[in-house]
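Proteins get letters first, then strands, A, B, ... in listed order; numbering begins at 1 in each.
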There are 2 protein chains.
Amino acid sequence: MAKGQKRLTQRDVAKAIGMSDMTVSRVLAGRGVVNSKTREKVLKAVAEMGYVPNRVAGSLASARSNQVGVVLPSITVGIFPDVAAGIAMELEKAGYNPVIGITDYDPDREERLIESMLSWNAAGMIVNDFVHTRRAAKLLSMSPAPVVEIMQVAGDPIDHCVGFNHFEAGAELVRHLVSRGYRRFGFLGWHGMEFAASARFEGVQTVLSQAGFELFAPSWYNAPPGIEDGTQGLRELRAARPDIDVVIFGNDLMATGGYLLSMKMGWQVPADIALAGFGGMEIGQSLSQKLTTIDFPRQGVGRTAARTILNLLVGQAMPKVREFPFDLLIGETA
Amino acid sequence: MAKGQKRLTQRDVAKAIGMSDMTVSRVLAGRGVVNSKTREKVLKAVAEMGYVPNRVAGSLASARSNQVGVVLPSITVGIFPDVAAGIAMELEKAGYNPVIGITDYDPDREERLIESMLSWNAAGMIVNDFVHTRRAAKLLSMSPAPVVEIMQVAGDPIDHCVGFNHFEAGAELVRHLVSRGYRRFGFLGWHGMEFAASARFEGVQTVLSQAGFELFAPSWYNAPPGIEDGTQGLRELRAARPDIDVVIFGNDLMATGGYLLSMKMGWQVPADIALAGFGGMEIGQSLSQKLTTIDFPRQGVGRTAARTILNLLVGQAMPKVREFPFDLLIGETA
DNA sequence: TTGAAAGCGCTAACAT
DNA sequence: ATGTTAGCGCTTTCAA
């Protein structure tokens with residue numbers, strides 16, 4: 001327990017083995033050629049002395065870093081946990097670390113996080129969607145670090161983007177529901193500060209209005225809705241419009257809430273009321289009846305976003321827009 | 001879009017307004033006195049030029065930083081999302097940023113993350129539990145940064161700890177169940193690389209063996225179990241021992257899986273089978289019958305851990321051990 | 001294969 | 001209230 005003791009430097013290690021600090025640097029950074037005996041001596045001394053390199057100094061001198069900034073609205077909700085896991089996995093394999101920042105859907109907080117990460121020499125940036133403050137967008141576009149915007153593809157990326165066609169996702173879900181014979185549609189969605197959710201809604205809306213079917217969308221939530229919101233929302237929707245025969249929820253958590261309510265009330269699913277979600281999350285597939293939903297390969301997007309950064313860093317050209325396919329999961333609820 | 005352009009420095013800003021770089025530094029760092037006219041000129045130039053301070057250089061020069069390392073097993077599972085949210089909230093108020101690392105319950109990964117954060121001059125460290133590799137523990141104890149170990153209190157902290165008495169939590173839950181008349185106990189737990197889960201189990205075990213009641217604990221999971229594991233586990237447990245009258249699950253997610261299975265099978269809860277969990281998570285309280293569980297004030301622990309770091313950084317002494325109370329939530333399932 | 005000198009961009013400490 | 005000097009701990013570059 002040596003709290004407050006002065007931190008060791010490369011020079012301390014070098015002195016201990018009678019070498020110059022440059023030799024220690026070469027061993028630790030893995031650059032340049034070092035005699036293998038010397039290398040071993042260095043590594044032994046480093047281990048024994050408990051030396052921890054000061055990457056702040058290293059990064060200042062080299063103007064490089066192995067940190068990739070990852071700025072997401074949330075890390076607990078919906079698709080983001082898996083996206084983040086995919087990013088972390090891929091970066092780690094290449095010796096890079098994600099530095100994660102959470103915006104809580106607040107663009108100002110996003111701006112601050114982006115600035116902070118850039119000020120720490122981030123080697124690359126992964127950010128959500130195309131919604132940024134003007135200054136955040138400027139900082140990202142001026143930075144030498146490659147930038148990948150994820151989740152969405154319908155927009156003009158600062159550098160690169162990797163994501164899904166959410167409009168099509170909404171459209172495909174509705175086409176399935178229509179093919180099942182549903183005619184009176186309810187929708188319980190939410191307004192995030194992102195294009196993705198609204199794009200899905202537009203897909204739903206477009207197909208329905210082309211088919212000439214009704215869409216009843218009474219409730220819009222401002223925060224990412226959870227199970228309870230789905231329960232509440234469905235209860236109110238059915239009270240207002242008992243004739244609706246299928247309800248699409250903004251995410252699988254809400255749909256789960258709707259399903260739990262249906263069981264409690266003794267409504268037959270899908271005969272009395274059919275239910276569908278978005279996301280493909282575990283909980284929806286763990287219900288007594290599997291949820292019909294759109295599965296987004298969340299981890300895949302994360303991995304691809306990370307790979308894009310890594311490839312760009314070694315000078316490999318990458319496509320500006322990378323669209324990922326999604327899957328319609330046909331469950332037993334719609 | 002000026003990708004790759006050379007990054008502006010304080011000196012560039014200073015030159016633009018005919019001042020020395022030190023003046024710019026003083027304004028931006030908020031240290032020392034600056035004429036308010038000068039300050040405004042500086043801020044205007046900074047905004048116009050889109051200058052982003054290089055904190056790597058700043059941190060090297062000052063040997064300080066506003067980054068607090070937060071190393072957790074997971075950010076998506078159980079109590080950790082809320083803990084992390086509490087930490088982030090409290091740090092942010094004080095102008096500090098959390099740098100989050102995820103170990104996935106892998107001690108080697110934890111060691112690497114801790115080393116990485118210390119090598120970046122972390123101002124403080126928040127880590128989970130008392131289980132670390134020897135080297136990780138050494139790095140933490142040698143570092144000048146204050147260290148807070150969270151979740152647990154039964155152990156010897158490196159510097160400080162903030163957490164719960166998990167043994168008591170297990171004991172209290174069982175005392176409640178015993179008072180309800182249950183006699184044949186099932187337990188579906190899991191072995192994390194942490195003391196918390198095993199301490200809870202010991203609390204359960206101790207009270208039961210004192211009371212002379214039976215404990216049947218067949219399944220142990222190695223990864224954080226989810227809904228599906230609870231479903232599966234309860235199905236097998238009931239097949240093996242139909243006489244068990246109450247099952248305690250390692251977490252609320254598993255308990256939810258058990259509850260969903262019970263509904264599907266038509267088992268009356270709690271008459272045929274009573275169910276209890278640990279955690280106090282939303283999902284357990286959203287079921288048709290509220291789950292009986294132990295609620296840990298997760299956000300509070302996070303906030304307190306962060307406050308501990310912040311106070312230590314300004315030289316304020318803090319207690320070595322801080323125990324947080326938990327709550328028995330008596331629901332309708334046991 | 002190793003060492004010496006210079007400097008990354010900022011801040012501490014001292015001077016004015 | 002502002003400027004000057006020195007140096008944080010490393011890497012780059014060049015020399016031996």
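- A distance-only check finds a donor-acceptor pair linking the side chain of A:S59 to the backbone of A:R64 [under 3.5 Å].
- A nucleotide of DNA chain D counts as in contact with chain B when one of its atoms lies under 4.0 Å from a heavy atom; the first and last such, 5' to 3', are D:dA1 to D:dG9.
- At least one donor-acceptor pair closer than 3.5 Å links the side chain of A:T304 to the backbone N or O of A:G300.
- Within the 4.5 Å cutoff, side-chain heavy atoms of A:V52 are placed close to those of B:L139.
- With rounding to whole Å, B:L60 atom CG is found 12 Å from C:dG7 atom C1'.
- For B:R64, a side-chain nitrogen or oxygen approaches OP1 or OP2 of C:dA12 to under 4.0 Å.
- Residues B:M151 and B:F130 form no side-chain contact, since every pair of their non-hydrogen atoms from C-beta on lies 4.5 Å or further apart.
- For A:M19 and C:dT1, the CE to P distance is 13 Å, given to the nearest whole Å.
- Residues from residues 21-47 of chain A that place a heavy atom under 4.0 Å from any atom of DNA chain C, listed by number: A:M22, A:T23, A:R26, A:V33, A:V34, A:N35, A:T38.
- Between A:R11 atom CZ and C:dT2 atom C1' there is a gap of 15 Å when expressed in whole angstrom units.
- B:K15 has its NZ atom 15 Å from the C1' atom of C:dC10, to the nearest Å.
- Counting heavy atoms from C-beta outward, A:E110 and A:T133 have side chains that stay 4.5 Å or more apart.
- Considering CG of B:L28 and CG of B:L43, their distance stands at 7.0 Å, rounded to 0.5 Å.
- When each of B:I126, B:V148, B:N311 is tested with B:H160 by the rule side-chain contact (heavy atoms from CB on, under 4.5 Å), just one qualifies, namely B:V148.
- With hydrogens and angles disregarded, no donor-acceptor distance shorter than 3.5 Å links the side chain of B:N121 to the backbone of B:S65.
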